[in-house]
Each structure stands twice: as C-alpha cells, then as structure tokens.
Amino acid sequence: RLTVGGSARLAVSGNVTVAGTGNVTVLDGATLSVGPGAIFTIEAPLTALLGSRFSVERGIVRLKQDSDIAALLKVTDGGLLEVHETARLTGCLRGQGEIR
C-alpha cells in the first residue's frame, strides 16, 4: 500500500514497481510526479482523488489494475500513461498528453 497525502509530493525518477494487493492513493492536495525517463509500474489499483495532481513528465506510467483518476492529469510531450488491456480507467480525466 502506498499513500501520498496532505501536501506531500512523490517524485519517481527511476524504474519503480508497486506490487501487491493493496492500493496506491494520492490524496487531496498531494502530487504524484513521474520524471523524464522513469517507468512507474503500478500493479495495484490506483486512486487519485479530486484536488490532487498526477504529472507524467516524459516518463511512462503503466497501470495494471482498474484505476480511478479524478486528479488534474498532465502528461507532457513524450510522456505516456499506459493502461493494461484488462484494466479499466475511470474518473474525470482532464489535461493533456497521450493515453493508450
């Protein structure tokens, strides 16, 4: 289980995998940022609450489970949000960039 809360900022700059049966939660006011060249693989369900920020800055985020992103989503040029073929992505997706 990984929770980013309050005004915290989690920055991923290398290749990171979150595995297990828990979940990844980004709370209101928090930021999850994936930097250039980083690959962030999330094998647990991801929830990014309204009021949080989710930024993919020329990195790759791979979602393997059903995820709900109500955060302000920003995928910069060269960034990629990749959703596994068996996973569902819900939420009010707002922002820019490539999602496949």
Side-chain angles (χ1 to χ4, degrees):
R1 175 174 296 208
L2 172 65
T3 301
V4 184
S7 59
R9 181 172 193 263
L10 174 64
V12 178
S13 59
N15 295 344
V16 177
T17 299
V18 178
T21 57
N23 55 10
V24 176
T25 306
V26 185
L27 299 177
D28 180 15
T31 299
L32 172 60
S33 177
V34 180
I39 299 175
F40 190 32
T41 303
I42 305 174
E43 295 180 353
L46 167 73
T47 302
L49 300 179
L50 190 64
S52 65
R53 295 180 176 271
F54 188 175
S55 177
V56 184
E57 302 163 2
R58 297 190 317 272
I60 298 173
V61 174
R62 294 184 174 140
L63 302 177
K64 300 285 189 167
Q65 299 289 331
D66 292 353
S67 297
D68 185 17
I69 300 177
L72 178 59
L73 175 63
K74 181 177 181 184
V75 183
T76 62
D77 188 32
L80 176 65
L81 178 62
E82 187 176 280
V83 183
H84 191 269
E85 61 189 24
T86 61
R88 292 179 301 135
L89 181 60
T90 57
C92 50
L93 294 174
R94 301 167 291 148
Q96 61 191 42
E98 182 181 359
I99 300 172
R100 70 174 182 194

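Hydrophobic clustering of Ile, Leu, Val, Met, Phe, Trp and Tyr side chains at less than 4.5 Å, counting indirect connections, unites Ile69 with Val12. Linking ILVMFWY residues whenever their side-chain heavy atoms come closer than 4.5 Å, directly or via other members, leaves Leu50 and Leu27 in distinct clusters. Under the 4.5 Å side-chain contact rule for hydrophobic residues, Leu49 and Leu73 do not share a cluster.
With salt bridges taken as basic N to acidic carboxylate O contacts below 4.0 Å, none links Lys64 and Glu43.
Two residues are said to be in side-chain contact when any heavy atoms from C-beta on lie closer than 4.5 Å; Phe54 and Val26 fail this criterion.
Listed by chain and number, the residues in a salt bridge (charged side-chain N to carboxylate O under 4.0 Å, His left out) with Arg58 amount to none (sequence neighbours excluded). For Ile42, the side chain to side chain contact (heavy atoms under 4.5 Å, CB included) test picks out Val24, Phe40, Leu46, Val61, Leu63, with sequence neighbours left out. Annotation: side chain to side chain contact (heavy atoms under 4.5 Å, CB included) contacts of Ser13 (sequence neighbours excluded): none. With sequence neighbours excluded, the residues that form a side chain to side chain contact (heavy atoms under 4.5 Å, CB included) with Asp66 are Ala87, Arg88. Checked against side chain to side chain contact (heavy atoms under 4.5 Å, CB included), Ala44 has no partners two or more places apart in sequence or in another chain.
The distance from the CD1 atom of Ile39 to the CD1 atom of Ile60 is 4.5 Å, given to the nearest 0.5 Å. Atom OG1 of residue Thr47 and atom CG of residue Asp68 lie 5.5 Å apart, to the nearest 0.5 angstrom.
Asn15 approaches Gly37 most closely through the heavy-atom pair OD1-O, 4.1 Å. Across Gly22 and Pro45, no two heavy atoms sit closer than the pair O-CD, 3.4 Å. Scanning both residues, Gly14 and Ala38, for their nearest heavy atoms gives O-CB, 3.3 Å.
Listed by first and then second residue, the side chain to side chain donor-acceptor pair (under 3.5 Å) pairs that reach into residues 23-33 are Arg9-Ser33, Ser33-Glu57, sequence neighbours excluded.
Judged by distance alone, with hydrogens and angles left aside, the side-chain atoms of Ser67 form a donor-acceptor pair with the main-chain N or O of Gln65 at under 3.5 Å.
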